[in-house]
Amino acid sequence: MIPAPFDYVRADSVDDAIARLREDPEGKLLAGGHSLLPAMKLRLARPSTLIDIGRLRDLAYIREDGDRVAIGALTRHHDVATSELLRQACPIVAHAASVVGDPQVRHVGTIGGSCAHGDPAGDLPSVLLALEAEFVARGPSGERTIPASGFFTSLFETALAPDEVLTEIRVPRTSGGWAYLKFNRRAIDWAIVGVAAVRANGGVRVGLTNMGLTPLRATGVEEAIASGADPAAAAARADEGTAPPADAFASDEYRRELAKVLVRRALEQVLA
Amino acid sequence: MAATETFVGRSVLRKEDPELLTGRGRYTDDLSVPGMLWMAVVRSPFAHARIRGVDVTRALAVPGVVAAFAGSDFRWAGPLLMAWPVTEDLKNPPHYPLATDVARYQGDGVAVVVAESRGAAMDGAEAVQVDYDPLPAVTDVEAALAEGAPLVHEDLGTNESFTWSLTNGDVDAVFASAPIRIEERYRIQRQVPNAIEPRAILVEPNIATGQFTMWDSTQVPHVVRTAMALATGISESKLRIIAPRVGGGFGSKLQVYPEEALALELARRLGRPIKWTETRSENFLATHHGRDQVQRMELAADERGKIVGFRAHILANMGAYLRIISPGTPVLGAFLYCGAYTGEAYQVTLTGVFTNTTPVDAYRGAGRPEATNAIERAIDALARRVGKDPVEIRRINFMPPFTEATPSIGGLTIDSGDYHATLDKAIELFDLEQLRKEQRARRERGDVRQIGIGLSTYLENCGWGPSRVIGNVLRYAGGGWEAATVRCHPTGKVVLVVGTTPHGQGSETAYAQVVADELGIAVDDVDVLFGDTDVAPSGWDTYGSRGAAVGTPAVHRAARRVREKARAIAAHELEVAEDDLEWSDGAFRVRGAPDQARTIPQIAFSAWTGHNLPDGVEPGLEASSFFDPENLVFPYGAHICAVEVDTETGATRVLRYVAVDDVGTVINPMLVEGQVIGGVVQGIAEALYEEALYDESGNLVTSSMQAYGLPGPPEAPTIITGSHVTPSTTNELGIKGVGETGTIASPPAVLNAIVDALSPLGVTEIERPATPEKVWRAIQRAKGERA
Amino acid sequence: MTRISLTVNGQRREADVEPRTLLVYFLREHLGLTGTNVGCDTSTCGACTVHLDGESVKSCTLLAVQADGREVTTIEALARDGELHPLQEAFRRNHALQCGYCTPGMVMAAASLLRERPNPTEEEVREGLEGNLCRCTGYQNIVKAVLDAAASGARV
């Protein structure tokens, strides 16, 4: 399949990209392109201009930033997955990046691109939500920081303004147990349901993949654990407040059940 | 000089590999010719719709677009070939390359665009405006037969295409008097064959001579040539069809497709080469599908579980049109609803049903996986009913071992078989006792992950032929013979020309092994030509596991004829009588004086010069054979599978899999093992992963490789293989077939294993494919029934 | 049209391309390197796998303009001086291909895998090739071949 025709420009800086976005409201940023190009090939997406930011190498980094680790938005999944720093400081992110797509996808796709895509079935968003990560965006009026809880706003939609560029994701250092359980039929598939769990401040934070229009926090589970429930009892609340999709892969009913099983298993791992 | 090496029976590495490994193999899409245009087909997004109008004006305005046509712009000499009217009164509405009045499935072609580039052709196709009036659609066979169902072909007044039946013995009496009767219902879900190479076509016209060369990703260039002549009216003598390297078929490329006729017709109309390559999205809609049956399987037995009667009633989904062998596909399995078992009475009724879905036709196994599913699932149900072990119930029902052709209750005359032998060997390789022990331990401790063990002992019929039987008894329009020519170059190198069209099987290597042994030369000295109707004008191509079983005897006979001619020349040169020569160690040798010898290369040179030939012997050293088999061949075997089921999520994985097959004499064990493993994994995918799923409006939901679960390397288990050989009595080489055994045998083994794993929970049946959700639902249902 | 300049199989190549040209079609149709195949349109099958700066990528999911200034290696460059690459040898020895259509992508994915993980376990090979589909072999001999190539210690 061949994408519909489009104009192609290469941004030489983030500010340049912002300016180009303002010039063409139908324009789209191209990072790795591994969410965008598949949609364009099937002609489900038809941006008028592609603004290539893939060459802004200064947005590809993983570095210590106080009690956090800062990940440049153009850092590839492969580099996130194999980062020694992340494996030490925030291993769940490295692990989640290692189960995105396949090796070829991870060699090109970027953490910023997949977050900005806003797919609730993506692996990293629920992990970043559970971690209470921060998203740094730059727009015409400067930089702002968006908490993960406010970043994913709807299906394929984020808090990024049309003329904003996601530049960095900051994740906390974690020291306790963690788990990311991805349930899919084939290794290459998107998660039917995924569960991210991390220990934090004596409690547990739980993120859910593909259980609604956005990645979700399982707040009922978190509350139950905080008030002393065991994993099985807490996990029974895993689908509270969710609205899982029904599609070719699974019904919503089954997704709810999976969420409960996976949350219990994740809690057992995290609290072990 | 003489070759002491022999090749048959050895795992000779493939001749095909070097070019394929280095990216030098040429598939159709790799080819281009000057002046080439690209074709794109506009397809109906609706499963059923009246076409009120097609407007190509906007498409013609797209940059790069050269021409665009609606279905009504074509006048065809005939419809696309349907070659298997299984009954006299079968209803076969003609299928033309583009729909003109009604689109009958999602993906049905309604218009065509030709442009200067691949992208421009797609842009143009997008710009064609079609005015559809959507009609109610029906996709399920039972719904299609119900009163008041939407009619796929309104003028027929019914969605039933045909009913075919076969009866042996007094079925009603046997069922009436049997103490045990079981009736099971199975749904064989629809599959998308998914050869990794999408279909591709390139047609080059020669304006001066009126000849057309078509490169085509097909399994059947010979059939395509005839079918194209019928559809377009262009004489066969003006059509050259070439199947270059073909990236897998699995039955999906034994078809004659609309795009072949369209590309040819457009090349004629525009006088320019036309190329078309299917996208994967199109492949899901426009390349034929496989399976899709609803089965009612009944067994009658005594209290011990000895079967006396088999009765199967099958509804087979044909899709929107009958394609080349759509009606015959279920018939290929119609003799196998008794498996490898004996009985007193047998009845199979097949009803072919039209629906608003992609046409259904042969997919690896074609009819036989369906039949094997029915009998191998049902015999397990019978075992549960009479309280017998799955191994034991099979043993008491097997036909006893035989080495001469023997009739079956299903109406076949089987070449040879020892069904106990393959089962015994499979049990031994599987380590059944150890796994049963592990299973008991997990059951006792109520493990979340339970183990199940499943069996499938199958019998199949393949090696499509003999011509007079398939023609006169089964009403197939084509032939079942195969052709080969062996030609010696002056230096003794050999060209073998065959009428089969291999596309991954490794037949080039296997045939070369046979020729090399017959002629005392090396495998590397045999070049194999095929898949080009000008180079290899005669043959019936590769499908139905016929490449080895029907193709090899032709190759062998042609090589033997060359050797017999060479014997006369050798005797003349050595000045002895022909009877004084013996063929040994790769040469004709004078008895008692083995140093006096002539090799085939030496004789080839003499035959070429013609300087010193015996009287009456013509120059040249080549011979042909047209081999028409006396019967089909009947591979069989025993497959055992262990699965682990997560009873909380329903996730299932294969823990251990053993396949023991009797495919007759083996030419190349490496190739045979490769066919078995590949087929078994494809069958496991059928059991666990794959389904072409339509929604209520007739949209194909699993319409991409993302949604349709072809397993990848992490999902595929390791297959342990074993073999047992009883030579076939059908051909002088003892060859059966191996191309389809894996997909025939494996699905019921996996499904039986899942039921076995869950039987302590009360589960007795599992729907295919056994996705995690379906397994989970079966567990929930059983829990509910128990509560 | 956009001007691009890149190195393909060690050779400098320059071309004007439509921005929508996918890298795989640039390789196949502009450069005539038809060894890299296309099997799907959803970035699933991996038949189009090539190396971009030494790492496996799916060339159906990259625009040719994204490869501007970079180094691309295709299956055509793997065998050197008429000698098959050790992975190609191992594929042949282990009957790891049948129709051959997925093979170039599979070999390129395997080469990248072994570069990152020279001594993989069977499970690591299966996971490392998760982005490549084969319909013929059931993968068993492909996995065997990759393990065989790794064990042979040959430089990949």
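We name chains A, B, ... by the order of the sequence lines, and we start the count at 1 in each one.
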Open item on the list: Is there a side-chain contact between B/E197 and C/V38 in this structure, where contact means two heavy atoms from C-beta onward sitting under 4.5 Å apart?
Closed with: no
Task: Per-residue contact mode, C/T34 against chain B (heavy atom under 4.5 angstrom) - done: both
Open item on the list: Checking the side chain of C/D41 only, and the main-chain atoms of B/S281 only, is there a donor and an acceptor separated by less than 3.5 Å?
Closed with: yes
Open item on the list: Please classify the contact between C/N94 and chain B as side chain, backbone, both or neither, with a heavy-atom cut-off of under 4.5 Å.
Closed with: neither
- [ ] Considering non-hydrogen atoms only, spot the tightest contact between B/D17 and C/R92 and give its length.
- [x] OD2-CG, 3.6 Å
Task: Shortest non-hydrogen contact from B/A716 toward C/G138 - done: CB-O, 3.6 Å
Task: Residues in residues 62-79 of chain C that sit under 4.5 Å from chain B, counting heavy atoms only - done: C/I75, C/E76, C/A79
TODO: Look at B/R245, B/M670, B/Q505 and state which one has the largest set of heavy-atom pairs under 4.5 Å with chain C.
DONE: B/M670
- [ ] Answer with side chain, backbone, both or neither: which region of B/F284 has an atom nearer than 4.5 Å to a non-hydrogen atom of chain C?
- [x] neither
Open item on the list: Test your reading of the model: is there a side-chain donor-acceptor pair from B/Y27 to the backbone of C/Y101, 3.5 Å cut-off?
Closed with: yes
- [ ] Against chain C, label B/N283 side chain, backbone, both or neither, depending on which of its atoms sit under 4.5 Å from a heavy atom there.
- [x] neither
- [ ] To the nearest 0.5 angstrom, please state how far the SG atom of C/C136 sits from the CZ atom of B/R364.
- [x] 7.5 Å
Task: Over 12 foreign heavy atoms within 6.0 Å of CZ, B/R26 - done: yes
TODO: Sort out for me which of B/G119, B/G249, B/G25 touches chain C most, counting heavy-atom pairs under 4.5 Å.
DONE: B/G119
- [ ] Against chain B, label C/V125 side chain, backbone, both or neither, depending on which of its atoms sit under 4.5 Å from a heavy atom there.
- [x] neither
TODO: Can you tell which part of B/R24 gets under 4.5 Å to a heavy atom of chain C, answering side chain, backbone, both or neither?
DONE: side chain
Task: Among the listed options C/L97, C/T103, C/L84, the residue most often paired with chain B at heavy-atom distances under 4.5 Å - done: C/L97
- [ ] With a 4.5 Å cut-off on heavy-atom pairs, point out which of B/Q682, B/H503, B/E19, B/Q675 contacts chain C the most.
- [x] B/Q682
Open item on the list: Just so I understand: if I count every heavy-atom pair under 4.5 Å between each of B/T718, B/L21, B/I719, B/T279 and chain C, which residue has the most?
Closed with: B/L21
Open item on the list: Under 4.5 Å from any heavy atom of chain C, what part of B/P717 do you find: side chain, backbone, both or neither?
Closed with: backbone
Open item on the list: If you count heavy-atom pairs within less than 4.5 Å of chain C, which of B/P713, B/G23, B/G678, B/G674 leads?
Closed with: B/P713
Open item on the list: So for C/Y139, is it side chain, backbone, both, or neither that comes closer than 4.5 Å to the heavy atoms of chain B?
Closed with: side chain
TODO: Output yes when B/K275 and C/E29 qualify as a salt bridge under the 4.0 Å nitrogen-oxygen rule, no when they do not.
DONE: no
Task: Interface moiety of B/L671 toward chain C, non-hydrogen atoms closer than 4.5 Å - done: both
Open item on the list: Within this structure, what is the CD-OG distance for the pair B/Q706 and C/S43, rounded to the nearest 0.5 Å?
Closed with: 7.0 Å
- [ ] Can you tell which part of C/E18 gets under 4.5 Å to a heavy atom of chain B, answering side chain, backbone, both or neither?
- [x] neither
Open item on the list: Taking every non-hydrogen pair under 4.5 Å, which of C/G35, C/C99, C/C45 racks up the most with chain B?
Closed with: C/C99
- [ ] Begin with the C-alpha distance, continue with both residues' side-chain angles, and end with the deciding distance and a verdict on side chain to side chain contact (heavy atoms under 4.5 Å, CB included) for C/N37 and B/D30.
- [x] CA-CA 9 Å; C/N37 292 325; B/D30 298 345; 4.1 Å; yes
Open item on the list: For B/E16 and C/Q98: C-alpha separation, side-chain torsions, deciding distance, then whether side chain to side chain donor-acceptor pair (under 3.5 Å) applies.
Closed with: CA-CA 9 Å; B/E16 295 88 337; C/Q98 290 181 27; over 6 Å; no
- [ ] Please look at B/R118 and chain C and tell me whether the side chain, the backbone, both or neither of the residue comes under 4.5 angstrom of a heavy atom of that chain.
- [x] side chain
Task: Student check: side-chain heavy atoms of B/L710 and C/L133 closer than 4.5 Å - done: yes
Task: Within 6.0 Å of CD in C/E83, more than 12 heavy atoms from elsewhere - done: no
Task: Heavy-atom pair with the smallest gap, counting every atom of C/G100 and B/L20 - done: CA-CD1, 4.1 Å
Open item on the list: If we define contacts as heavy-atom pairs under 4.5 Å, which of C/R135, C/Q140, C/E123 has the most with chain B?
Closed with: C/R135
- [ ] Select, from C/R93, C/E127, C/Q88, the one with the greatest count of heavy-atom pairs under 4.5 Å involving chain B.
- [x] C/Q88
Open item on the list: Can you tell me which portion of B/E278 sits under 4.5 Å from chain C's heavy atoms? Options are side chain, backbone, both or neither.
Closed with: neither
- [ ] Could you check which of B/I684, B/V676, B/V681, B/V680 has the highest count of heavy-atom pairs closer than 4.5 Å to chain C?
- [x] B/V681
